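First up is the structure itself, then whatever we jot down about it.
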Number of protein chains: 2
Amino acid sequence: MALSEAILVCLTDRPMSGYDLAKTFDASIGFFWRASHQQIYRELGKLREKGFVKSQEIAQSGKPNRIVHTITPAGAEAVKVWSSKPGRMPSVKDELFVKFYALGSVDMDALKDHLTIRIDQHQTKLSKYRKIQDRYYSGEDQSLNHAGKRIILEMGIKEETSRIEWLQAAMFEITKLEQAGN
Amino acid sequence: MALSEAILVCLTDRPMSGYDLAKTFDASIGFFWRASHQQIYRELGKLREKGFVKSQEIAQSGKPNRIVHTITPAGAEAVKVWSSKPGRMPSVKDELFVKFYALGSVDMDALKDHLTIRIDQHQTKLSKYRKIQDRYYSGEDQSLNHAGKRIILEMGIKEETSRIEWLQAAMFEITKLEQAGN
DNA sequence: ATGTCCATGTAATCCGTTACATGATTAT
DNA sequence: ATAATCATGTAACGGATTACATGGACAT
């Protein structure tokens, strides 16, 4: 499990509330490890029990109070231990492939629509990545943390670019099949 | 949820036992939708309750009896309904990215080892795909089901090829970072 | 002797999703 | 007025993983 580690890794950058973490998972680290705010709050409870974070309520006026979580030395140690062990292969789960597997039992027009939607979604992701790259990762910051984030953005951009290409190739192929079937 | 549909899709090709399905998920459709035998047996129970499959025990001597599951017309209908609805984006979950996100708190040598392992794993997958392609998908079968499987193999090959490329690029970049840090 | 293949499943735990719940502030 | 943002969580359910369990056949 790496949700707890993903949270600890975020807290290494700076102390954050559950709400901050949820936004971070929505905007940056979540591009590579998705999690909802419910998961995050539950996991924060576990991390507190294990002593990997300590939590402090900060009074605010006009807004609900924030509970800010800080990583402890034990938490930092847990990150080190986790990071030295090889992870598992990402688990594959893509309905589109399953639909292609069943091409004979599927409505072709619907499948083409779904392909178009998917291509769009990947293009949206890609342009988000590119915007972030231009804004934050084209400068001269040389810290390791900055470099790591720059590298995953580059990986993400390559991944999405390649996906768009092969999804378009698949679209071309089923269009060809349809014409041959007439 | 598409595990139930992935199973129904397999049973569209031919009736199978839970064991056969588990092997199929280990070898072909499972490249694109992973599932363990425990999940499959549980799901078969649900599918039987819903009337989407009917199950028949076949006596064998010397081996445990097989329970062979056949898709029903209601099951085929369920596949059609599912296939006409757009699926959701595949959920992203890759520990390697998380480790890069935390590049400053991670042991570099371990990370390089993990990268090497991952590159190996993707190369193994890729050569599996290529072997299957040569053996079964280089001929002249023109049926839709065959074409669908040929297309997902092509997509899988492109996906794995691109992954290997960007993982190697990432390896190159962290090696460069290390040298700059000396 | 040891291990792998065939073939079925149960039990416990953990992870992920959906829905529910509250309530003030600020922007349109 | 209406909606979005800030900020926290609980509850219920369903999916995924890991471990446990059985037992004969056959190969090394």
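Fair warning: this is a prediction, and the values are worked out from it, not measured in the lab. Residue numbers start from 1 in every chain, and the chains themselves are labelled A, B, ... in the order their sequence lines are given, proteins ahead of strands.
Between Lys46(A) and Gln60(B), it is Gln60(B) whose nearest contact on DNA chain C lies nearer the 5' terminus.
Cluster annotation: Val98(A) is not connected to Ile117(A) through the hydrophobic network of ILVMFWY side chains, with a link wherever side-chain heavy atoms come within less than 4.5 Å.
The separation between Arg66(B) atom CZ and dG23(D) atom C1' is 18 Å, rounded to whole Å. In this entry the distance linking CD1 of Ile58(A) with P of dC6(D) reads 17 Å, nearest Å. Put simply, CD1 on Ile7(A) is 13 Å from C1' on dG16(C), counting in whole angstrom units. Rounded to whole angstrom, the span from the CZ atom of Arg48(A) across to the C1' atom of dG9(D) amounts to 11 Å.
In terms of the side chain to side chain contact (heavy atoms under 4.5 Å, CB included) criterion, residue partners of Asp120(B) (sequence neighbours excluded) are, by chain and number, Gln123(B). With sequence neighbours left out, the ring pair (Phe, Tyr, Trp, His ring centres under 6.0 Å) criterion links Tyr19(A) to no other residue. Not counting sequence neighbours, the partners of Lys112(B) by the salt bridge (charged side-chain N to carboxylate O under 4.0 Å, His left out) test are Glu178(B). Scanning for salt bridge (charged side-chain N to carboxylate O under 4.0 Å, His left out) contacts around Asp13(B) gives Lys149(B), with sequence neighbours left out.
Listed by residue number, the members of residues 79-99 of chain A with any heavy atom below 4.0 angstrom from DNA chain D are Arg88(A), Lys93(A). Remark: Ser36(A), Gln38(A), Gln39(A), Arg42(A) in residues 30-43 of chain A come within less than 4.0 Å of DNA chain C through at least one heavy atom. Residues from residues 16-27 of chain A that place a heavy atom under 4.0 Å from any atom of DNA chain D, listed by number: Ser17(A), Gly18(A), Tyr19(A).
Ion pairing between Arg150(B) and Glu173(A) holds under the 4.0 Å rule for side-chain N and carboxylate O. Comment: Arg163(B) engages Glu159(A) in a salt bridge, judged by a side-chain N to carboxylate O separation of less than 4.0 angstrom. Look at Lys80(B) and Glu77(B) and you find no salt bridge, because none of the NZ, NE, NH1 or NH2 atoms lies under 4.0 Å from a carboxylate O.
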Less than 3.5 Å apart, which donor and acceptor atoms pair up between the side chains of residues 88-97 of chain A and the rest of the protein, not counting sequence neighbours?
{"from": "Lys93(A)", "atom 1": "NZ", "to": "Arg34(B)", "atom 2": "O", "distance (Å)": "3.0"}
{"from": "Asp94(A)", "atom 1": "OD1", "to": "Leu96(A)", "atom 2": "N", "distance (Å)": "3.0"}
{"from": "Asp94(A)", "atom 1": "OD1", "to": "Arg118(A)", "atom 2": "NH1", "distance (Å)": "3.0"}
{"from": "Asp94(A)", "atom 1": "OD2", "to": "Arg118(A)", "atom 2": "NH1", "distance (Å)": "3.4"}
{"from": "Asp94(A)", "atom 1": "OD2", "to": "Arg118(A)", "atom 2": "NH2", "distance (Å)": "2.9"}
{"from": "Glu95(A)", "atom 1": "OE1", "to": "Trp82(B)", "atom 2": "NE1", "distance (Å)": "3.0"}

Side-chain donor-acceptor pairs of residues 21-29 of chain B under 3.5 Å, sequence neighbours excluded:
{"from": "Thr24(B)", "atom 1": "OG1", "to": "Asp20(B)", "atom 2": "O", "distance (Å)": "2.9"}
{"from": "Ser28(B)", "atom 1": "OG", "to": "Tyr101(A)", "atom 2": "OH", "distance (Å)": "3.1"}

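End-to-end axis angle of the helix from dA1(C)-dT28(D) to dT28(C)-dA1(D), using five pairs per end and rounding to 10°, comes to 40°.
Val68(B) belongs to a hydrophobic cluster whose other members, connected by ILVMFWY side-chain contacts under 4.5 Å either directly or through intermediates, are Ile58(B).
The ring pair (Phe, Tyr, Trp, His ring centres under 6.0 Å) contacts involving residues 144-164 of chain B comprise Tyr137(B)-His146(B), where partners must be two or more places apart or lie in separate chains.
With a 6.0 Å radius and a threshold of 12 heavy atoms from other residues, nucleotides or ligands, Lys54(A) has its NZ atom at or below the threshold.
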